[in-house]
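Scroll down for the structure; my scribbles are underneath it.
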There are 2 protein chains.
Amino acid sequence: MSVETHPDLTKNQALVFGSLSDAGGPLTAYAILDLLRDSGFRAPLQVYRALDKLVEYGMVHRLESLNAFVACSHKGCSSHGTAAFAICEKCGVVSEFTPDKAMSLLRDWTKSEGFQLSRTTIELRGTCRQCAVPN
Amino acid sequence: MSVETHPDLTKNQALVFGSLSDAGGPLTAYAILDLLRDSGFRAPLQVYRALDKLVEYGMVHRLESLNAFVACSHKGCSSHGTAAFAICEKCGVVSEFTPDKAMSLLRDWTKSEGFQLSRTTIELRGTCRQCAVPN
DNA sequence: GCCCCGGCGTTACGTTATTACGTATGTAGC
DNA sequence: GCTACATACGTAATAACGTAACGCCGGGGC
Ligand SMILES: [Zn+2]
Ligand SMILES: [Zn+2]
Ligand SMILES: [Zn+2]
Ligand SMILES: [Zn+2]
């Protein structure tokens, strides 16, 4: 269980963030709900409301291609640049990194198009080093 | 996909691709289903099966952050590099582009990590030039 | 003929996300 | 004190998105 990280989390927010931190990987909202039934959670909305805030605080990231959520890998949870995720399709492990140079190029494109960027999703699917078959 | 031209589409695939082309923007699978009820479509699976093939052929792209699908903007539908999408949150317009330089940097990261990349999602959310308020 | 396979139609089901309504609590202004 | 407002919460119901499992049919290879 992680403690005392960022803004004052409410009880529900702390429980959800704790579940994600403990899991060490992505969880769906309904998986979180099941984990927290013993703590009194009864409905999906309790999870989604907490997740909305945690994402807003930058403590949790949403993985669009998995419909799942993952705790930010930066322990301090201080905000950081746009995150990208490499998702292994064999073992499910997710690696977070901050592709600043690539983002800079993407922002060049948005500027040239007059597109005001608010949020970026970058997700790589493939096979991690551990799961690559040596044959 | 190799050098061959578009495979012959089945009737259902052609109907689904036609819907997406006519729409000129993203549609959800269920929106396509509703559009095609008069053509005999009755169940989501008919749409999803056609979409799977069209995505495989590179003629349609899936937008993960919208749970929607869009016809490839390259009229010839010949295969191209990894596509990125800028999605206006005000008017819903989607612009497809191929950020080759940014992809090259992302591939540098995957190589350094021994991650075998199979598929990449890049989606930018924000406000398009048309919708930007001058104020 | 016979087998195999890809596409198809249908039913039923599973998963993910939101709407709507009411309650509780804290705080600022009066 | 009391009201007005904002935020969080609890619950039920429903919408939206996606898939499993079954069987049928037609075309190509042998
Ligand atoms: Zn992060
Ligand atoms: Zn792996
Ligand atoms: Zn394309
Ligand atoms: Zn717009």
Side-chain angles (χ1 to χ4, degrees), chain A residues 6-20 23 25-57 59-70 87 89 92 94 119 121 123 125, chain B residues 1 4 6-20 23 25-57 59-70 87 89 92 94 119 121 123 125:
Chain A
H6 237 320
D8 325 320
L9 297 183
T10 67
K11 178 160 173 281
N12 284 4
Q13 289 160 15
L15 285 168
V16 168
F17 185 65
S19 299
L20 280 171
L27 292 176
T28 67
Y30 279 74
I32 296 170
L33 174 58
D34 286 340
L35 286 172
L36 293 180
R37 286 201 192 275
D38 292 343
S39 304
F41 276 51
R42 311 288 310 156
L45 200 48
Q46 296 173 281
V47 179
Y48 282 110
R49 287 201 273 230
L51 286 171
D52 283 349
K53 285 296 182 184
L54 293 169
V55 168
E56 179 186 330
Y57 299 154
M59 300 169 64
V60 165
H61 302 295
R62 176 182 174 87
L63 299 173
E64 300 284 358
S65 66
L66 292 179
N67 292 325
F69 301 84
V70 66
I87 302 165
E89 292 176 318
V94 172
R119 189 158 60 85
T121 298
E123 296 176 20
R125 309 293 294 259
Chain B
M1 296 284 90
E4 28 183 311
H6 325 146
D8 295 338
L9 296 184
T10 67
K11 177 161 174 279
N12 283 3
Q13 288 159 17
L15 285 166
V16 168
F17 185 65
S19 299
L20 281 171
L27 292 176
T28 67
Y30 278 73
I32 295 170
L33 174 58
D34 287 340
L35 286 172
L36 293 179
R37 286 199 192 277
D38 292 343
S39 304
F41 275 52
R42 310 289 309 156
L45 203 45
Q46 296 172 281
V47 180
Y48 282 110
R49 287 201 272 230
L51 286 170
D52 283 349
K53 285 297 181 184
L54 292 168
V55 169
E56 179 187 330
Y57 300 155
M59 300 170 66
V60 165
H61 301 295
R62 175 182 174 87
L63 299 172
E64 299 285 357
S65 66
L66 292 180
N67 292 327
F69 301 83
V70 66
I87 301 165
E89 291 175 317
V94 172
R119 189 159 60 86
T121 298
E123 295 175 18
R125 309 295 293 261

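Quick note on labels: first sequence line is chain A, next is B, and so on, each numbered from 1.
- Nucleotide C:dT11 holds its C1' atom 13 Å from the CZ atom of B:Arg42, rounded to whole Å.
- Side-chain atoms of B:Ser65 and B:Glu123 include a donor-acceptor pair closer than 3.5 Å.
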Go through A:Arg49 and A:Asp52 one step at a time and tell me if the salt bridge (charged side-chain N to carboxylate O under 4.0 Å, His left out) criterion holds. CA-CA 5 Å; A:Arg49 287 201 273 230; A:Asp52 283 349; over 6 Å; no
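- Pairing each heavy atom of A:Phe17 with each of A:Leu9, the nearest pair is CB-CD1, 4.4 Å.
- For A:Gln46 and C:dT18, the CD to C1' distance is 15 Å, given to the nearest whole Å.
- OP1 and OP2 of C:dG7 both lie 4.0 Å or more from every side-chain N or O belonging to B:Thr10.
- Between A:Leu45 and B:Ala43, the residue anchored closer to the 5' end of DNA chain C is B:Ala43, taking for each the nucleotide with the nearest heavy atom.
- For A:Asn12, whose side chain is taken as the heavy atoms from C-beta onward, the closest listed nucleotide among D:dG10, C:dT10, C:dA20 is D:dG10.
- For the pair A:Tyr30 and C:dT16, the criterion of a side-chain N or O lying under 4.0 Å from OP1 or OP2 is not met.
- In this structure, CG of B:Leu33 is placed 15 Å from P of D:dT19, rounded to the nearest angstrom.
- Between B:Glu56 atom CD and C:dG6 atom C1' there is a gap of 12 Å when expressed in whole angstrom units.
- Distance, B:Lys53 NZ to C:dC5 C1': 11 Å, rounded to whole Å.
- To the nearest angstrom, P of D:dT19 lies 11 Å from CG of B:Leu51.
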Please test B:Ile32 against B:Leu51 for side-chain contact (heavy atoms from CB on, under 4.5 Å), starting from the C-alpha separation and ending with a verdict. CA-CA 10 Å; B:Ile32 295 170; B:Leu51 286 170; 4.2 Å; yes
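- For the pair B:Asn67 and C:dT16, the criterion of a side-chain N or O lying under 4.0 Å from OP1 or OP2 is not met.
- Salt bridge absent: A:Glu64 and B:Arg62 never bring a charged side-chain N and a carboxylate O closer than 4.0 Å.
- Atom OH of B:Tyr48 is separated from atom P of C:dC8 by 17 Å (rounded to the nearest Å).
- At a cut-off of 3.5 angstrom, the base of C:dG6 holds no donor-acceptor pair with the side chain of B:Arg49.
- Atom pair A:Asp34:CG and C:dG14:P shows a separation of 14 Å (rounding to whole Å applied).
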